[in-house]
Amino acid sequence: MDTLEKLEWATIIGGTVLLFGLGALALPVLDALDNPDYYGEPDYVVKVEAGQWYWKFIYPDGSESGELKIKNGDIVRLELESPDVIHSFYVREMGFKVDIIPGKTRIHVISAETPGEYWIQCAEFCGAYHGGMTTKLVIEE
Amino acid sequence: MGILSTFDRIVWGISVIVTFVVLFIVGGGWLLSWYPDPIDARAALIAQYFNLVYIAGMFVSALFVGTFFYFIFKFWDREQPAGLD
Ligand SMILES: [Cu+2]
């Protein structure tokens, strides 16, 4: 085997190992992201309505707010809906985006461990005021 | 590797290192790919995986460009005029 052949095999085997390795390592991450049972039984459900151009959060007791307020450590099941176009629920500090498709209910479970105030942004272009479609995630002690 | 002189090897080596550093910066870099600190264990897990892919991507890019230089030196016949003279 000459150098070129060795190089070729190293590329083929190295590339295969790398791709399948990264693929295998991605599985637990994907499960953590998309599995609604990842944190176990949720403490309560918050309905999220994302429209042009507002965020509305509806709590179990029927109250509503424009900012999402949850207690630290709570396992919160978000049920996200959109009455008009596609929006996306994005909290940078939580490392995920959830696209909200009109006519469907997206489920996403969150559980914060650090109290504070974080940005919620719409991460899917949804019209003229898309850029202003932000609000706050407040995690109380 | 017999066709490569010591000079070729030095240039090749430096090319790979420089390319690695340039890709590190151009390909986002730690500064540009700044991301707020994760606030829960799941977010930390995701961030960890992204970093892993980022570093793996840097190695692959460096390898890719390194192979390119390898071929140039391998088939570069310096007995021939460059065509500019
Ligand atoms: Cu939007």
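Residue numbering restarts at 1 for every chain, and letters A, B, ... go by the order of the sequence lines.
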Around atom [atom1] of [X], are there more than 12 heavy atoms from other residues, nucleotides or ligands closer than 6.0 Å?
{"X": "Y44(A)", "atom1": "OH", "value": "yes"}
{"X": "E5(A)", "atom1": "CD", "value": "yes"}
{"X": "Y54(A)", "atom1": "OH", "value": "yes"}
{"X": "Q48(B)", "atom1": "CD", "value": "no"}

**Message:** Can you give me the closest heavy-atom contact between P28(A) and L45(B), atom names plus distance?
**Reply:**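 Where P28(A) meets L45(B) most closely, the heavy atoms are O-CD2, 4.3 Å.
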Same cluster (ILVMFWY, side-chain, under 4.5 Å), [X] and [Y]:
{"X": "L30(A)", "Y": "I107(A)", "value": "no"}
{"X": "W12(B)", "Y": "F7(B)", "value": "yes"}
{"X": "L68(A)", "Y": "W53(A)", "value": "yes"}
{"X": "V48(A)", "Y": "V45(A)", "value": "no"}
{"X": "Y59(A)", "Y": "L78(A)", "value": "yes"}

**Request:** Starting at CG of N72(A), measure out to CD1 of I39(B) and round the result to the nearest 0.5 Å.
**Result:**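 Output value for this atom pair is 9.0 Å.
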**Message:** Rounded at 0.5 Å granularity, tell me how far CG in D40(B) sits from CD1 in I139(A).
**Reply:**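 One gets 8.0 Å once the value is rounded to the nearest 0.5 Å.
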**Request:** Let me know if L18(A) has heavy atoms under 4.5 Å from chain B in its side chain, its backbone, both or neither.
**Result:**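 Contact with chain B involves the side chain of L18(A) alone.
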**Request:** Please flag which part of L33(A) lies under 4.5 Å from any non-hydrogen atom of chain B: side chain, backbone, both or neither.
**Result:**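 For L33(A), the contact with chain B is made by backbone and side chain together.
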**Item:** Main-chain N/O of L22(A) paired to Y49(B) side chain as donor or acceptor, under 3.5 Å
**Value:**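 Yes; at least one donor-acceptor contact below 3.5 Å.
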**Request:** Examine whether an atom of F50(B) lies under 4.5 Å from a heavy atom of chain A, and if so say whether it belongs to the side chain, the backbone or both; otherwise answer neither.
**Result:**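 Nothing of F50(B), per the 4.5 Å heavy-atom cut-off to chain A.
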**Message:** Report which part of A44(B) has an atom under 4.5 Å of a heavy atom belonging to chain A: side chain, backbone, both, or neither.
**Reply:**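 For A44(B), no heavy atom lies under 4.5 Å from chain A.
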**Message:** Non-hydrogen contacts under 4.5 angstrom with chain B: give the residues of residues 80-100 of chain A involved, or none if there are none.
**Reply:**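 Within residues 80-100 of chain A, near chain B: Y90(A), R92(A), E93(A), M94(A), G95(A), F96(A).
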